[in-house]
Amino acid sequence: MSNMKIRRTAIVVAAAALLPFSLAACSDSGKDGASGAGSDKSSEASASTSKVPDASMAMDKPFGQACAGVPAEGAGSFDGMAKDPVATAASNNPALSTLVAAVKQAGLVDTLNNAKEITVFAPTNDAFAKIPKADLDKVLADKATLTKILTYHVVGQRLTPRQLENGSFDTLEKTKLTTSGSGEAYKVNDTSNVVCGNVKTANANVYIVDTVLMPK
């Protein structure tokens with residue numbers, strides 16, 4: 001009987017000694033599983049986040065049929081114009097040579113180049129050609145009238161295409177012009193079409209138009 005008691009006591013002591021190690025092993029196993037699951041979820045979340053498109057990547061490029069005539073490289077290209085202030089940038093675009101000459105005649109080169117965050121509605125050479133030559137020559141010879149017309153083409157903020165959909169804006173000439181349209185088709189004052197829009201220069205957004213705008 002004494003031997004049986006001794007054996008039972010030894011078994012109980014051994015079991016008591018082994019139990020903490022068994023529990024510790026189970027606990028560590030559980031932690032490893034949780035850690036692995038958390039790691040997997042973190043990786044999945046990271047991968048999911050990387051797939052979400054950045055809103056800033058939305059299209060914000062020049063548009064319009066006349067944009068095809070802009071040089072692919074050099075100072076007159078879209079990249080080149082983006083580096084220069086607006087009057088300088090326009091001087092590098094052959095389609096705007098009449099406008100550039102008018103700006104020089106009115107003494108507005110520095111005014112436009114030094115302006116901050118503006119929008120210019122820039123008439124093409126063909127737009128000026130719609131004006132009878134005698135009338136155009138008369139305007140070019142009258143600095144006050146020429147300045148009034150040219151500053152009417154300038155708005156004191158950078159306008160995005162979305163803002164042109166149904167807009168009314170104060171010009172530097174102090175009267176308003178209106179815009180309308182959507183997508184890649186916009187009009188100014190219901191008469192002048194944007195033929196190449198959203199052109200960026202160092203200090204301005206430029207919308208090239210097919211008709212000279214006249215202050216009301």
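Numbers here are sequence positions counted from 1.
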Check your understanding: Checking N93 side chain against P71 main chain: does a donor-acceptor pair fall under 3.5 Å?
Key ->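 Flag not set: sc N93 to bb P71 has no pair under 3.5 Å.
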
If you look at every heavy atom in [X] and [Y], which pair is closest and at what distance?
| X | Y | value |
| --- | --- | --- |
| P161 | F63 | CG-CE2, 3.7 Å |
| G76 | V70 | O-CG1, 3.3 Å |
| G197 | Y207 | CA-CD2, 3.5 Å |
| K148 | E173 | NZ-OE2, 2.6 Å |
| A106 | K143 | O-CE, 3.2 Å |
| Q157 | Q163 | OE1-NE2, 3.8 Å |

Can you see whether [X] engages [Y] through a side-chain donor-acceptor pair at a distance of less than 3.5 angstrom?
| X | Y | answer |
| --- | --- | --- |
| T124 | D210 | no |
| T119 | N205 | no |
| S192 | K187 | no |
| Y152 | N189 | yes |
| N203 | N113 | no |

Membership question, hydrophobic clusters at under 4.5 Å side-chain separation (ILVMFWY): are [Y] and [X] in the same one?
| X | Y | result |
| --- | --- | --- |
| I149 | L99 | yes |
| I131 | L150 | yes |
| L112 | V155 | no |

Report the C-alpha distance between L164 and R162 in whole Å, list the side-chain angles of each, state the deciding distance to 0.1 Å, and finish with yes or no for side-chain contact (heavy atoms from CB on, under 4.5 Å). CA-CA 5 Å; L164 301 188; R162 183 175 293 277; over 6 Å; no

### Query
Would you call K130 and T211 a side-chain contact if the rule is heavy atoms closer than 4.5 Å?
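Counting from C-beta outward, K130 and T211 do come under 4.5 Å.
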
Margin query: Would you say that F121 contacts I208 through its side chain, given a criterion of any heavy-atom pair below 4.5 Å between the two side chains?
Written below: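 The answer is no; the side chains never approach within 4.5 Å.
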
| Candidate pair N125 and S97, rule side chain to side chain donor-acceptor pair (under 3.5 Å), full reasoning | CA-CA 7 Å; N125 295 343; S97 60; 3.1 Å; yes

